[in-house]
2 protein chains.
Amino acid sequence: MAEAAHLAIGDLARLTGTKVNTIRFYEEGGLLPQAERTASGRRIYRDADTKRLAFIRQSRNLGFPLDAVRELLTLADDANQPCEAVDRIARVHLAEIDRKIADLSALRSELSRVIGSCSHGTVADCKIIETLAPHTDG
Amino acid sequence: MAEAAHLAIGDLARLTGTKVNTIRFYEEGGLLPQAERTASGRRIYRDADTKRLAFIRQSRNLGFPLDAVRELLTLADDANQPCEAVDRIARVHLAEIDRKIADLSALRSELSRVIGSCSHGTVADCKIIETLAPHTDG
DNA sequence: ATACAACCTCCAGTTACTGTAGGAGCAAGC
DNA sequence: GCTTGCTCCTACAGTAACTGGAGGTTGTAT
Ligand SMILES: [Zn+2]
Ligand SMILES: [Zn+2]
Ligand SMILES: [Zn+2]
Ligand SMILES: [Zn+2]
């Protein structure tokens, strides 16, 4: 039961591995509620804030964009609903990741091919440069 | 010999599949030279500009960042140099792509695992939400 | 009393564009 | 000659998610 009554923004930052500016950024974007303030205007946080920020950070670590995190936070607050919406958000995100991987893989294969075609002469003969330049044959 | 003497920015845009604003953006960023102007201030382009822009676009299609494109353009103008520097830029870029693919693949596998663990009950029991929330066990 | 750390607000910068506002120029048709 | 409509011009805001810094105040420790 020996819990700190409240935390300063720097404490919260340390606890969650978040930059102070980022915490303020989340507040501005509505991901965290407007923090209580001391008489002199400093932000005060409690356990619930720490948990909420940890949730945000974990979501970000899984790559969810902030819009998705916002939705996940709302859903998480409604414990009795079915988790369908949660699943859907996660699957949409997974599909997006798959798309990115596919794009990068195609790029990688093309770039690798181009690099492999270089026979290390002068720029005039370089196949890499040739690939980039417009083809003026006809 | 029936070549157009000069092109308007819209013509260049059409020829290269580039947005007009993007061409101006490249000029501002030094990737394209300051365009000649008509008496009324409109930009004029010639074949060399079309080629340069095509080179930029092709480089971008291979994912090179603009800083790299700038270097590649400089190198391409110096035909007698060895192409070492070109190769190096390309390989650095390839390494970056590989890094991104690795990051995304790790993310994908973790996210996929999390999604698979959901047994479709209420939010209170959802393993996805549980994964995102901080663990209060001990 | 005096450092010095930590806090505050506001704003610029990152990447590579994209879109828009507000205005001027140019070609075609009448 | 005039209007219509397309293209062009500059300049700036917005995108995603922060990050860093300037300039100023507050809290704490010596
Ligand atoms: Zn080479
Ligand atoms: Zn080469
Ligand atoms: Zn489910
Ligand atoms: Zn679930």
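Quick note on labels: first sequence line is chain A, next is B, and so on, each numbered from 1.
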Separation of atom CZ in B:R42 from atom P in C:dA24, rounded to whole Å: 13 Å
Atom pair distance, as rounded to whole Å: CG in A:D11 and C1' in C:dA5: 13 Å
Below 4.0 Å: OP1/OP2 of C:dT9 and any side-chain N or O of A:R43: yes
A:N80 CG: over 12 foreign heavy atoms closer than 6.0 Å: no
Sugar-phosphate, base or nothing in reach of B:R70, heavy atoms under 4.0 Å: nothing
Ionic contact status for A:E27 with A:R24, cut-off 4.0 Å: no
Residue met sooner reading DNA chain C from 5', once A:V20 and B:T38 are mapped to nucleotides: A:V20
Spacing between B:I44 atom CD1 and D:dT7 atom C1', to the nearest angstrom: 15 Å
Phosphate OP1/OP2 of C:dT15 contacted by B:R60 side-chain N/O (<4.0 Å): no
Interatomic distance where CG belongs to A:N61 and C1' belongs to D:dC18 [whole Å]: 14 Å
For atom CZ of A:R24 and atom P of C:dT9, their distance in whole Å: 7 Å
Sugar-phosphate only, base, or nothing, as touched by A:R37 at under 4.0 Å among non-hydrogen atoms: sugar-phosphate
A:D49 and A:R43 ion-paired at < 4.0 Å: no
Between D:dC9 (P) and B:I23 (CD1): distance, integer Å: 10 Å
First encountered from the 5' end of DNA chain D, between A:A39 and B:A8: B:A8
Residue pair B:Q58 / A:T131: nearest heavy atoms and the distance that separates them: CG-O, 3.4 Å
Reported CD1-to-CG distance for the pair B:I128 and A:D87, which is rounded to 0.5 angstrom: 4.0 Å
Between D:dT10 (C1') and B:E27 (CD): distance, integer Å: 12 Å
Length of the CZ-P vector between A:F25 and D:dG20, whole Å: 14 Å
Residue A:N21, side-chain heavy atoms: nucleotide from D:dA11, D:dG20, D:dC8 that is nearest: D:dG20
Sugar-phosphate only, base, or nothing, as touched by B:Y26 at under 4.0 Å among non-hydrogen atoms: sugar-phosphate
Closest nucleotide among C:dC26, C:dC7, C:dC17 to the B:S40 side chain: C:dC26
Phosphate-side-chain proximity, A:K19 and D:dC18, N/O vs OP1/OP2 below 4.0 Å: no
